[in-house]
Amino acid sequence: MVKNRNIALCIVLTFVTCGLFMWYWFVCLTNDTNYLAGENDDTSGGMSLLLTLVTCGIYGLFWAYRRGDKIDKAKQNHGEPASNGGILYLILYLFGGFIALAVIQNEVNKFADA
């Protein structure tokens, strides 16, 4: 089950904890988007975090792009048109990881409410 998270609170917690909460949020979003896309056997949140840390953030760029694919697949599973947001998430991740996380969380929240 996907949890509806308050985006503003997540951003505030990211700043208050000097970015540590962002890593927890990263793991949760990875697991949530995998669940929504029906790909629970894909790279888990913990493994994605480890790969991002080991590659000094390079895997995070790939991760952001893949979240777009996962959300598109979830939309198609729910009968909605795909938005092809992978490029948007990638660009937002380059300018600030928490910005991309907030936009991805907004998409995930739409499915949590449904």
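Sequential numbering from 1 along the given sequence is applied to the chain's residues. When reading the values below, keep in mind they use all heavy atoms of this one structure, side chains included, and skip hydrogens, waters and symmetry mates.
- Atom CG in Asp32 sits 11.5 Å away from atom CZ in Phe111 (nearest 0.5 Å).
- Shortest non-hydrogen contact noted between Ala102 and Ile11 is CB-CD1, 4.1 Å.
- Separating the CG atom in Leu51 from the CD1 atom in Ile58 is a distance of 12.0 Å, to the nearest 0.5 Å.
- Checking side-chain atoms of Asp72 against main-chain N and O of Ser83 turns up a donor-acceptor pair under 3.5 Å.
- Phe62 places none of its side-chain heavy atoms less than 4.5 Å from the side chain of Tyr65.
- Trp25 and Leu20 sit in two unconnected hydrophobic clusters of ILVMFWY residues. Membership requires side-chain heavy atoms under 4.5 Å apart, directly or through other members.
- Once rounded to the nearest 0.5 Å, the distance linking OG1 of Thr14 with CG of Leu9 reads 9.0 Å.
- The line from CG of Leu29 to CH2 of Trp63 is 5.5 Å long, rounded to the nearest 0.5 Å.
- Leu50 and Leu101 fall within the same hydrophobic cluster, where Ile, Leu, Val, Met, Phe, Trp and Tyr residues are linked whenever their side-chain heavy atoms come under 4.5 Å apart, directly or through other members.
- Across every non-hydrogen atom of Ala64 and Tyr89, the tightest pair is O-CB, 3.4 Å.
- Among all heavy-atom pairs drawn from Cys10 and Arg5, the shortest one is SG-CB, 4.1 Å.
- The structure places CD of Glu39 at 6.0 Å from CZ of Arg66, a figure rounded to the nearest 0.5 Å.
- The ring of Phe21 has its center closer than 6.0 angstrom to the ring center of Tyr24.
- Residues Ile99 and Leu94 share a hydrophobic cluster, clusters being chains of Ile/Leu/Val/Met/Phe/Trp/Tyr side chains in contact below 4.5 Å.
- No side-chain N or O of Asn34 forms a donor-acceptor pair with one of Asn40 less than 3.5 Å apart.
- Checked by atom type and distance alone, the side chain of Thr43 never pairs as donor or acceptor with a backbone atom of Met47 at under 3.5 Å.
- A pairwise comparison of heavy atoms in Ala100 and Tyr93 identifies CB-N, 3.6 Å as the closest pair.
- A side-chain hydrogen bond (donor to acceptor under 3.5 Å, both in side chains) with Thr33 is found for one member of Gln105, Lys70, Arg67 and no other, namely Arg67.
- The shortest heavy-atom contact between Phe15 and Phe98 is CZ-CZ, 3.8 Å.
- Phe26 and Leu53 fall within the same hydrophobic cluster, defined by Ile, Leu, Val, Met, Phe, Trp and Tyr side-chain heavy atoms under 4.5 Å apart, directly or through other members.
- Counting heavy atoms from C-beta on, the side chains of Asn31 and Ser44 come closer than 4.5 Å.
- Residues Glu107 and Leu36 fail the side-chain proximity criterion, which asks for heavy atoms closer than 4.5 Å.
- Nearest heavy-atom pair, Trp23 versus Leu49, reported as atom, atom and distance to 0.1 Å: CE3-CD1, 3.1 Å.
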